[in-house]
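What follows is a set of notes on a single structure, which appears directly below.
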Amino acid sequence: QLVRNPLGITRGLFATVLRDSPSYGVYFATYEAVSRVCVQRQWNDLAISPVAGAAAGLFGWIFAFPFDVAKTRVQCGDASGVVDAWRSMRAQPWGTVTRALPITLMRAMLVNAVQFSVYEAVQGLWRRRQK
């Protein structure tokens with residue numbers, strides 16, 4: 001397949017951009033909003049990053065999931081493009097399209113809680129080292 005179409009490696013690139021561009025806006029906006037609320041409520045500093053990270057992962061993937069399903073269908077060749085993928089998704093029962101959503105959300109919450117905690121810890125160490 002790649003020999004006949006060397007650009008086949010980019011299959012689904014447009015669908016990936018459609019998934020990632022707006023969902024990262026939701027992702028980082030959620031992290032900032034939850035972090036600020038936690039600071040205003042005087043939460044323990046060690047709790048803020050994991051809670052805000054989990055919320056960011058949760059809301060980022062809730063928003064991204066339908067786009068991810070469409071992207072996967074395009075990349076697997078089950079759909080000729082994003083519009084075709086959306087049409088096929090609309091023709092199926094909602095439970096079929098969202099079957100993997102619960103495990104995706106659990107993974108996203110855990111991964112992003114750890115990811116932002118590590119990021120904030122390393123950033124704090126870096127700031128102290130710069131002084």
Side-chain angles (χ1 to χ4, degrees):
Q1 179 88 4
L2 284 178
V3 174
R4 285 186 287 173
N5 180 11
L7 295 179
I9 197 164
T10 62
R11 173 182 229 142
L13 180 62
F14 179 68
T16 302
V17 171
L18 283 177
R19 177 197 70 182
D20 289 348
S21 298
S23 69
Y24 276 117
V26 170
Y27 177 76
F28 286 112
T30 300
Y31 181 79
E32 275 301 310
V34 173
S35 293
R36 289 178 186 190
V37 168
C38 291
V39 168
Q40 288 171 351
R41 294 184 179 180
Q42 300 178 342
W43 280 32
N44 182 318
D45 286 346
L46 293 176
I48 295 173
S49 292
V51 169
L58 176 74
F59 287 106
W61 270 102
I62 285 173
F63 187 83
F65 195 79
F67 296 98
D68 189 61
V69 172
K71 174 202 68 81
T72 301
R73 290 180 181 200
V74 171
Q75 288 178 328
C76 291
D78 295 340
S80 60
V82 176
V83 173
D84 186 39
W86 279 102
R87 284 185 185 132
S88 71
M89 289 165 55
R90 286 183 53 174
Q92 293 180 328
W94 187 242
T96 303
V97 175
T98 60
R99 184 178 346 177
L101 183 60
I103 194 71
T104 299
L105 296 180
M106 286 187 276
R107 179 196 56 83
M109 290 174 67
L110 178 61
V111 166
N112 287 285
V114 172
Q115 177 178 302
F116 274 107
S117 297
V118 170
Y119 169 77
E120 294 289 352
V122 169
Q123 189 179 42
L125 290 171
W126 182 257
R127 277 194 220 123
R128 276 185 249 134
R129 188 168 184 213
Q130 294 301 314
K131 290 182 181 180

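- Side-chain contact, Arg127 with Gln123: a donor N or O sits under 3.5 Å from an acceptor N or O.
- Enclosure of atom CZ in Arg107 by more than 12 non-hydrogen atoms of other residues, nucleotides or ligands within 6.0 angstrom is indicated.
- Residues Ala55 and Val34 approach most closely at CB-CG2, 3.9 Å, considering heavy atoms.
- Atom CD1 in Ile62 sits 11.5 Å away from atom OG1 in Thr98 (nearest 0.5 Å).
- Put simply, the side chain of Ser88 gets close to the backbone of Ala85: a donor and an acceptor are under 3.5 Å apart.
- Looking at Thr96, its side chain never comes within 3.5 Å of a backbone N or O of Gln92 through a donor-acceptor pair.
- Linking ILVMFWY side-chain heavy atoms closer than 4.5 Å, directly or via other members, places Val69 and Leu58 in a single hydrophobic cluster.
- Taken to the nearest 0.5 Å, the CH2 atom of Trp86 stands 4.5 Å off from the CZ atom of Phe67.
- The two residues Val51 and Cys38 have their closest heavy-atom pair at CG1-SG, 4.4 Å.
- Placement of Val82 and Val97 within a single hydrophobic cluster is found when ILVMFWY residues are connected by side-chain heavy-atom separations under 4.5 Å, directly or transitively.
- Looking at Asp84, its side chain does come within 3.5 Å of a backbone N or O of Ser80 through a donor-acceptor pair.
- Annotation for Gly57 and Ala108: closest pair O-CB, 3.6 Å, computed over non-hydrogen atoms.
- When all heavy atoms are compared, the tightest approach of Val74 to Gly12 is CG1-CA, 3.8 Å.
- A single hydrophobic cluster is not seen to contain both Tyr24 and Val26; linkage of ILVMFWY side chains at heavy-atom distances under 4.5 Å, directly or through other members, places them apart.
- Side-chain N/O atoms of Asn112 and Tyr27 include a donor and acceptor closer than 3.5 Å.
- Taken from CZ in Phe116 to CZ in Phe28, the straight-line distance is 5.0 Å, to the nearest 0.5 Å.
- The same ILVMFWY cluster, assembled from side-chain heavy atoms under 4.5 Å apart, contains both Met109 and Phe63.
- Taking OG1 of Thr16 as the start and CD of Gln75 as the end, the distance is 4.5 Å to the nearest 0.5 Å.
- Inter-residue side-chain proximity for Ser23 and Trp61 is flagged as unmet; no heavy-atom pair is nearer than 4.5 Å.
- Listed by chain and number, the hydrophobic cluster partners of Leu125 come to none, as no ILVMFWY side chain reaches under 4.5 Å of it.
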Would you sort out whether Gln115 and Tyr119 count as a side chain to side chain donor-acceptor pair (under 3.5 Å), showing the intermediate values? CA-CA 6 Å; Gln115 177 178 302; Tyr119 169 77; over 6 Å; no
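- Here CD of Gln40 is found 9.0 Å from CZ of Arg36. Values are rounded to the nearest 0.5 Å.
- Proximity of a side-chain donor or acceptor of Arg19 to a complementary backbone N or O of Lys71 within less than 3.5 Å is not detected.
- Relative to the ring axis of Trp94, Arg99 does not place its NZ or CZ within 45° and under 6.0 Å from the centre.
- One hydrophobic cluster, built from ILVMFWY side chains closer than 4.5 Å, holds both Phe59 and Leu18.
- Rounded to the nearest 0.5 Å, atoms OG1 (Thr72) and CG (Asp68) are 4.5 Å apart.
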